[in-house]
Amino acid sequence: QVQLVESGGGLVQAGGSLRLSCAASGRTFSSYAMGWFRQAPGKEREFVAAISWRGANTYYADSVKGRFTISRDNAKNTLYLQMNSLKPEDTAVYYCNRVDTFSKRPIYDYWGQGTQVTVSS
């Protein structure tokens with residue numbers, strides 16, 4: 001079972017930036033598309049961004065397009081999410097997972113602990 005460990009969250013003012021990281025165990029990380037998801041209080045978990053296995057293609061939810069950038073370093077088994085121009089509605093726990101780039105659905109049925117992002121107005 002691949003382990004996913006998210007980090008980099010925190011408290012930031014609206015308009016600020018954060019960079020999230022997701023460290024994945026196992027040698028198969030570089031073979032799969034990966035993505036970020038988030039879950040705000042009282043809401044369902046939603047897709048945020050995805051990146052193909054080599055990083056050539058990226059996909060974003062409309063709500064974050066132009067503000068967030070997903071990237072990966074396969075040599076380090078690490079996925080990143082650069083978040084700029086943060087808004088209070090970006091407040092959520094952020095998770096990474098393997099992703100189906102067509103459906104934008106997560107593939108693993110387990111999750112890491114996530115990392116909390118809180119954006120104050």
Side-chain angles (χ1 to χ4, degrees):
Q1 175 170 313
V2 175
Q3 288 192 323
L4 304 167
V5 180
E6 302 91 348
S7 62
L11 173 63
V12 64
Q13 288 189 331
S17 299
L18 283 173
R19 189 192 194 204
L20 306 184
S21 297
C22 167
S25 65
R27 288 180 286 183
T28 58
F29 173 83
S30 60
S31 302
Y32 303 129
M34 294 293 295
W36 286 96
F37 298 80
R38 68 185 181 186
Q39 187 168 21
K43 295 188 177 181
E44 292 189 354
R45 189 152 21 209
E46 65 176 2
F47 168 79
V48 175
I51 186 167
S52 59
W53 66 279
R54 284 194 303 176
N57 298 299
T58 56
Y59 312 82
Y60 298 94
D62 288 344
S63 59
V64 306
K65 204 170 293 184
R67 300 187 298 121
F68 290 10
T69 302
I70 189 171
S71 61
R72 65 191 298 163
D73 185 337
N74 287 341
K76 296 182 178 179
N77 275 16
T78 303
L79 179 73
Y80 302 101
L81 185 68
Q82 177 67 43
M83 306 187 296
N84 298 329
S85 302
L86 282 161
K87 303 175 180 181
E89 50 264 44
D90 293 319
T91 295
V93 179
Y94 284 71
Y95 303 87
C96 61
N97 203 315
R98 184 181 164 189
V99 65
D100 180 325
T101 55
F102 292 99
S103 68
K104 308 302 186 291
R105 291 179 176 270
I107 290 179
Y108 296 136
D109 59 3
Y110 55 85
W111 299 87
Q113 84 288 349
T115 186
Q116 175 71 49
V117 172
T118 303
V119 184
S120 63
S121 58

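Both backbone and side-chain heavy atoms feed into the values below; hydrogens, waters and symmetry mates do not.
- Val93 and Gly114 make their closest contact through CG1-CA, 3.8 Å (heavy atoms, listed as atom of the first residue, atom of the second, distance).
- In terms of heavy atoms, Ser17 sits closest to Ser85 at OG-N, 4.4 Å.
- Thr118 places no side-chain N or O within 3.5 Å of a backbone atom of Thr91 that could act as its donor or acceptor partner.
- Here the closest non-hydrogen pair linking Ala49 and Tyr60 is CB-CD2, 3.6 Å.
- Between Asn74 and Arg72, the closest side-chain pair of non-hydrogen atoms falls below 4.5 Å.
- Side-chain atoms of Asn57 do not come within 3.5 Å of backbone N or O of Ser52 as any donor-acceptor pair.
- Taking 4.5 Å as the limit, some side-chain heavy atom of Ile51 sits within range of a side-chain heavy atom of Leu79.
- Within the 4.5 Å cutoff, the side chain of Glu46 has no heavy atoms near those of the Gln39 side chain.
- Here Phe68 contributes atom CZ and Leu18 contributes atom CG; the two are 9.0 Å apart, rounded to the nearest 0.5 Å.
- The existence of a salt bridge linking Asp62 and Lys65 is confirmed by a sub-4.0 Å separation between a basic side-chain nitrogen and an acidic carboxylate oxygen.
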From CA spacing to verdict: side-chain contact (heavy atoms from CB on, under 4.5 Å), Tyr94, Glu6: CA-CA 8 Å; Tyr94 284 71; Glu6 302 91 348; over 6 Å; no
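- In terms of heavy-atom proximity, Val99 sits nearest to Ala50 at CG1-CB, 3.6 Å.
- Placement of Val5 and Tyr32 in two distinct hydrophobic clusters is found when ILVMFWY residues are connected by side-chain heavy-atom separations under 4.5 Å, directly or transitively.
- Rounding to the nearest 0.5 Å gives a distance of 9.5 Å between CG of Leu11 and CD of Gln116.
- Counted by atom type alone, Asp73 and Thr78 present zero donor-acceptor pairs between their side chains at under 3.5 Å.
- A heavy-atom distance below 4.5 Å is found between the side chains of Leu20 and Met83.
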Name each donor-acceptor pair under 3.5 Å that joins a side chain in residues 105-112 to protein atoms two or more places apart or in another chain, with its distance.
unit_1, atom_1, unit_2, atom_2, d
Tyr110, OH, Val2, N, 3.0
Tyr110, OH, Val2, O, 3.1

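- Note that the OG1 atom of Thr101 and the CZ atom of Phe47 stand 9.0 Å from one another [nearest 0.5 Å].
- The nearest pair of heavy atoms linking Ile70 to Thr58 is CG2-CG2, 3.7 Å.
- Between Arg38 and Leu81 the shortest side-chain heavy-atom distance does not fall below 4.5 Å.
- Note that CZ of Arg19 is 6.5 Å distant from CD of Gln82, once rounded to the nearest 0.5 Å.
- Of all non-hydrogen atoms in Arg67 and Asp90, the two that sit nearest each other are NH1-OD2, 2.7 Å.
- Two residues are said to be in side-chain contact when any heavy atoms from C-beta on lie closer than 4.5 Å; Lys104 and Tyr59 meet this criterion.
- Atom NZ of residue Lys76 and atom OG of residue Ser30 lie 15.0 Å apart, to the nearest 0.5 angstrom.
- Side chains of Arg45 and Tyr95 form a contact here, defined as non-hydrogen atoms less than 4.5 Å apart.
- Contact annotation: the side chain of Ser71 approaches that of Tyr80 to within less than 4.5 Å [non-hydrogen atoms, C-beta and beyond].
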